[in-house]
Amino acid sequence: MNLMPNDVRSRTERNLALFFISVLGLFLELLLIRWIGTEVNIFAYLQNTILVVCFMGLGMGCMTCRQPILLRNCLVPLLILVLLLSIPQSSVALRKVSLLLATLGDLQPLEIITFTNANTERFAVPLGLAITLGIMFLIWQIFVPIGRILGCLMDEHPRPIEAYSYNILGSLIGIWAFVLLGIFNQSPPVWFLIVTVLSLFFLGKAPIERSINFVILVVIVCVSWLGGADRNSREIVWSPYQKLVLTDPDSVKYPSFSYFVTVNNSWYQGIQDLSKDKVRSQPTLYPPEEEGFSQYDIPFRLHPAPRKALIVGSGTGNDVAGALRQGVEHTTAVEIDPGIIALGKAFHPEKPYASAKVHIVNDDARSFFVNTTGRYDVISFGLLDSHTTTAMTNARLDHYVYTKDSLETARSRLASGGIITLNFAAHRFFIADRIAATLREVFGVEPIAFRIPQSNWGYGGVMFVAGDLATVRNQIEKQHELKALIARWRQQDPLPFSFTTKITTDDWPYLYLQRPQVPLLYYLLALMLLGLFFYTKWRFQLGAVTGNWTTGHWHFFFLGAAFLLLEVQNISKAAIALGNTWQVNGVVISGILIMILLSNLIAATFPRMPLALAYFGLIGSCVVLYWLDLADLVYLPYFRRAIVVGFLTALPILFSGIVFIRSFAESSDKHEALGANLMGSLVGGLLQSLTFATGIKALLLVVTALYLASAITRVRLDRSLAARQSPAL
């Protein structure tokens, strides 16, 4: 079946076309966010950049839907992108982009690029930005034809509410199709196979055109399959969060590691066998006087009788193995990524996850703190640092684990005399100072801290100890080898904390940002987007894209900007109250789309409902959410809390959906209205960066202001329509 707009005849075919193009658009958007963020690390930290560029392409496509629609204009740039990310030489080069841009100081990658001279370093940022702009350009090109198909179908549909409902329903299916592929650890070739199937509906009418488009799609799938092969790896797992690759380390350079695990092509974890038999059989690698004092063992030697332990960020099991070696009777191991757990079960030599003394929990650490009723003698934070963000927010997966609010919850889970140990690879001193300041704020006393150097015993990092410090100091005094070891580490690498670095909170969770400010990189990205926007105007000869916008265009623009920021708010609040897992994010985004469908139903059932009523509910619910801290609902049982949080965060979506669909149904040019709305979403994505300076909560004030602007433009629009319709006197 060919569902290109020019060939659609019946209403049923038009609805099918709307549904499939919406599934394709949303699925492809998520695919690119995930895949490019994996292969080009800069986008793993700045995923909303891809989202914003997708909106620009869709928006410009909607506005130019009267121009020729050719699917190959989408497929050719997609093929170029797949080639760049799949050919070994180009993919390796693209992976260096984040290191080039890291010289700005905004990013905190685990790897550091070394320049031979200052002249070379001067070109690092321009080169990194040029490559980033090239990728953004390809993404924009991919989505313009999709936007044109969508705009044309929406514009010519006789029933706008029905049309928009099929659009939202298709987006919902697109989300869950990608989520299901993540659940089953499917890789990019399968993703692109789904894209191929969805694209079959839009191949074109002419036989030659259809054949060319089909061949391009087949090549895309084949190239992605070849690019995913890695002869040097033992196993590749595409988990719901990230790409995990298990490799064998260089036995000469890294003799103490059994395996390495990389995440999104960056080194992440080393699996080690530190069992007594292994250690004692190689005294040259493992000095006998240091046995039992690895970073994985120390947390459980600082407590006199650690009967119950909680390890968050348990990874492939090194910390769990340490707890077992130290005789902990019951260990709860919390790890957010099921792929990492699976690798630990299959490959860790000591098999810690197979022990009857270990209870494995696949969950977000913050969520577990909130939901558990257990009390623990030792709560150990492993090297819990994330390489990715969620698709809609600026916060990394681990950000809400290290906030003051999270650590206060963790403290409440300590048993009498319990301790918390936190190990962190702080490559910048201000990060260590921030963690120390946050722990002092939570516990009212400076934590014990020492930097463990990298050695055959482990990767090392700064270890912080808080809780019952009198007991900890007593334990150190009783263990002379440990006391001497810590003293030596402190002498080699002292930690003169100032305790002046701003601490992280749920409202400002940006652990890796030195101070509240919008990073320079985000301004540069905004400039590149602006340049891409003006190129688009020139390319499509759209001198009047915004210059001649009417009040109606601005009405939809403000609605789009506010809605995108509202989505960010909902995901952030849900992450705090329910957890920062893919399940929660998927359900929240799906709930938003379902609420829009409900808005459509209400608008269709009550077509004369005053919009003033909807605006009153919209602005009022935003104000309520601003003053209400959803974290205060943690005392509720999880299911009841999920219902309450879902209801409160969905209210503004419901009212904004009613406003949008009523205005959209009355618009004479549906494609321009939808295009203006998507361009507003683009600006909303850029405004999200304000959270780095203001905190997340302040976004609701921006959301409220944007919705008020949409209300003002709506009033002016109604007045102008009334003036045109009134008879001349």
Side-chain angles (χ1 to χ4, degrees), residues 108 295 298-303 309-313 365-366 369-370 375-385 395-396 398-452 460-477 482-483 486-487 489-491 493-517 576 629 631 634 695:
Q108 306 298 327
Q295 66 193 69
I298 288 176
F300 312 102
R301 301 196 69 141
L302 298 178
H303 190 283
L310 168 63
I311 299 171
V312 292
R366 176 67 179 275
F369 289 151
V370 170
R375 294 292 183 270
Y376 302 92
D377 301 308
V378 177
I379 297 178
S380 174
F381 289 69
L383 286 171
L384 198 159
D385 51 348
R396 298 190 194 182
D398 59 340
H399 272 170
Y400 290 113
V401 176
Y402 294 108
T403 66
K404 173 188 173 185
D405 314 76
S406 174
L407 292 172
E408 285 177 341
T409 308
R411 180 188 181 186
S412 69
R413 302 305 181 224
L414 287 175
S416 177
I419 64 170
I420 284 179
T421 65
L422 192 157
N423 199 23
F424 200 89
H427 296 286
R428 300 285 293 276
F429 186 75
F430 76 83
I431 298 176
D433 193 57
R434 169 170 289 139
I435 293 174
T438 307
L439 287 169
R440 187 178 72 166
E441 180 78 12
V442 171
F443 288 89
V445 60
E446 294 182 11
I448 295 173
F450 45 89
R451 187 185 294 275
I452 302 174
V462 179
M463 180 167 287
F464 302 87
V465 187
D468 189 345
L469 295 186
T471 298
V472 171
R473 291 189 176 95
N474 186 49
Q475 283 294 107
I476 293 174
E477 286 293 328
L482 177 59
K483 180 181 178 181
I486 293 175
W489 290 338
R490 282 177 163 170
Q491 184 178 15
D493 195 349
L495 297 170
F497 295 129
S498 67
F499 297 98
T500 58
T501 308
K502 177 181 171 64
I503 67 173
T504 47
T505 64
D506 286 349
D507 186 50
W508 195 83
Y510 302 116
L511 181 66
Y512 303 97
L513 194 62
Q514 187 164 3
R515 62 184 64 87
Q517 63 180 16
I576 295 169
D629 187 355
V634 295

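None of the values given here were measured: they were computed from a predicted structure. Just so you know, residue 1 is the first one in the sequence shown, and it goes up from there.
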Write down the atom of [X], the atom of [Y], and the distance for their closest heavy-atom approach.
X	Y	answer
Lys502	Pro516	CD-CG, 3.2 Å
Ile476	Leu302	CG1-CD2, 3.8 Å
Ala309	Phe300	CB-CE2, 3.7 Å
Pro447	Leu469	CA-CD1, 4.4 Å
Phe381	Ala410	CZ-CB, 4.3 Å
Pro509	Thr403	CB-CG2, 4.0 Å

Sidechain-backbone polar pair: [X] side chain, [Y] backbone, donor-acceptor under 3.5 Å:
X	Y	answer
Gln295	Gly460	yes
Asp506	Asp405	no
Arg366	Tyr400	yes
Arg434	Leu513	yes
Arg490	Ala449	yes
Asp377	Gly418	no
Asp507	Gly695	no
Thr504	Leu511	no

Nearest 0.5 Å, what's the [atom1]-[atom2] distance between [X] and [Y]?
X	Y	atom1	atom2	value
Leu407	Phe464	CG	CZ	11.0 Å
Arg411	Ile420	CZ	CD1	8.5 Å
Phe424	Ile431	CZ	CD1	5.5 Å
Phe499	Arg440	CZ	CZ	5.5 Å
Asp433	Thr500	CG	OG1	5.5 Å
Asp468	Arg473	CG	CZ	10.0 Å

Would Gln514 and Thr501 count as a side-chain contact (heavy atoms from CB on, under 4.5 Å) if you check the C-alpha gap in whole Å, the side-chain angles of each, and the deciding distance to 0.1 Å? CA-CA 7 Å; Gln514 187 164 3; Thr501 308; 5.6 Å; no

With heavy-atom distances below 4.5 Å as the criterion, would you say the side chains of Arg413 and Leu310 are in contact?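 They are not in contact (no side-chain heavy atoms under 4.5 Å apart), so the answer is no.
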
Steps toward side-chain contact (heavy atoms from CB on, under 4.5 Å) verdict (Ile298, Asn423): CA-CA 11 Å; Ile298 288 176; Asn423 199 23; over 6 Å; no

Parallel, tilted or perpendicular: rings of Phe429 and Phe497 (30°, 60°):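 Answer is parallel, since the angle falls under 30°.
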
